[in-house]
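Structure, as structure tokens:
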2 protein chains.
Amino acid sequence: MTDSTGSRARGAGKRERLTAAAAEVLHRQGVERTTIADIAKAADVPVGNVYYYFKTKDELVQAALSEHAGHLARLVAELEQIPDPRERLKALVAAWISQRDIAARYGCPTGTLAVELDKRDEGGLDVEAGKVLRLLLDWTEGQFRELGLPDAADQAVTFVGAYQGMSLLASALRDPGIMTREGERLTRWLDTLEEDRLEMSR
Amino acid sequence: MTDSTGSRARGAGKRERLTAAAAEVLHRQGVERTTIADIAKAADVPVGNVYYYFKTKDELVQAALSEHAGHLARLVAELEQIPDPRERLKALVAAWISQRDIAARYGCPTGTLAVELDKRDEGGLDVEAGKVLRLLLDWTEGQFRELGLPDAADQAVTFVGAYQGMSLLASALRDPGIMTREGERLTRWLDTLEEDRLEMSR
DNA sequence: GTCTATAGAACGATAGAC
DNA sequence: GTCTATCGTTCTATAGAC
């Protein structure tokens, strides 16, 4: 039987190790400052062997983007178990805050990757980064719609934008407190929204 | 007499042309994907001549950051002529929206530069980028304080964060409409704040 | 499938003529 | 002050032994 890598018996999931290492190192160092050797070293794989699994550096970037999309999908799957959409959104904020130290140092993984890739006009990786952010936006929009908000799409942009903005400022100013304080503000705002819905029932 | 470049008679402000070109090209392409040759070409200066004015590439990045700080200082000086702090903030939002097409393609110049430089841990340019954002945050905080808000610093983080977030999403999704819609939301929010102040007079 | 060695290209920076 | 030519390094990617 062949497995997902197409091989019969691998060392120990080198492709998976390379993908995970790419996601982490590219987030910390950025795409352009990261060499194939950096990723190979983090994955404990000999440099030349990388090209057996990924033909180009861009394929490794794509793999990192897919990894981040996977993380997001698993997080959303967990949140879906919460019955109330308002509580689901508050749990999302809590998840963001729990990652505050890494976000305050290197920013949101998907957001900072998107910033860097958007400055290209070749390769189409910029579009791929946008798709991961779309995933988050669409799910958030669904929650707001379920909460009965008339402009759910705009609210989602405001909500996710607030997260991207606070991550950027927290990392630029090296202040995790920004994540905490803005997270609490978003939570209070979500509570206010709920009250609005009950009172105005629109 | 010597001028600011330390020379007696320059060609035609090559240092200034290089600084302006650095600010523009580094914003569009990012730091790591931009070569000295790219900046020299945009400034119409021979490649080797660049090193007479800037000893390293990092000095060009620093010059670009100073240029962005200068832009911000000039904008703030204009806004200061408006009597009411609420109108000053609304004029700032209007200035952001007027730049929506460039922001929707390449993001906020200072914000995206900060994202890229923050992933370094050498050179101290990350701190310099943070200082430019601090300039904007401090001025904004002053406006909120003048409006009588008790938590002016946090409000400034929320406000500037919203701008950074909407710029990031607009460029990642290639949608200038995000800048327009979020700008209008911020304007409405500023109007609401004013009403709060009058009603609650806190 | 795994790994070494290296080709080939790009870039930052410098030497030195003018 | 200005510019050309190029050095030295670093990186992506490949060739080919095992």
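Sequence lines set the chain letters: A, B, ... in the order given, protein chains first and strands last, and positions in each chain run from 1.
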task: Heavy atoms under 4.0 Å is the rule here; annotate nucleotides 4-18 of chain D 5' to 3' with B where the base is hit, S where only the sugar-phosphate is, and - elsewhere.
output: B------SSBB----
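- One finds no salt bridge joining A/Lys90 and A/Asp84 here, because no Lys/Arg side-chain nitrogen approaches an Asp/Glu carboxylate oxygen to under 4.0 Å.
- Side chain of A/Arg15 to backbone of A/Tyr53: a donor-acceptor contact under 3.5 angstrom is found.
- Between the side chain of B/His27 and the main chain of B/Thr110, no donor-acceptor pair closer than 3.5 Å is present.
- A salt bridge between B/Lys119 and B/Asp126 is absent, with no side-chain N of the basic residue lying under 4.0 Å from a carboxylate O of the acidic one.
- Distance B/Leu60 CG to C/dC11 P: 15 Å, rounded to the nearest Å.
- Under the 4.0 Å criterion applied to side-chain N and carboxylate O atoms, A/Arg145 and A/Glu141 are assigned as salt-bridge partners.
- A salt bridge is absent between A/Arg28 and B/Asp121; no separation between the charged side-chain nitrogens and carboxylate oxygens falls under 4.0 Å.
- Here the C1' atom of nucleotide C/dT2 and the CG atom of A/Asp44 are 14 Å apart, to the nearest Å.
- We find that B/Glu128 and B/Lys131 are joined by a salt bridge, their nearest charged nitrogen and carboxylate oxygen being less than 4.0 Å apart.
- Near DNA chain C, meaning a heavy atom under 4.0 Å away, there are no residues from residues 121-128 of chain A.
- A salt bridge links A/Arg120 with A/Asp58; the closest basic N to acidic carboxylate O contact falls under 4.0 Å.
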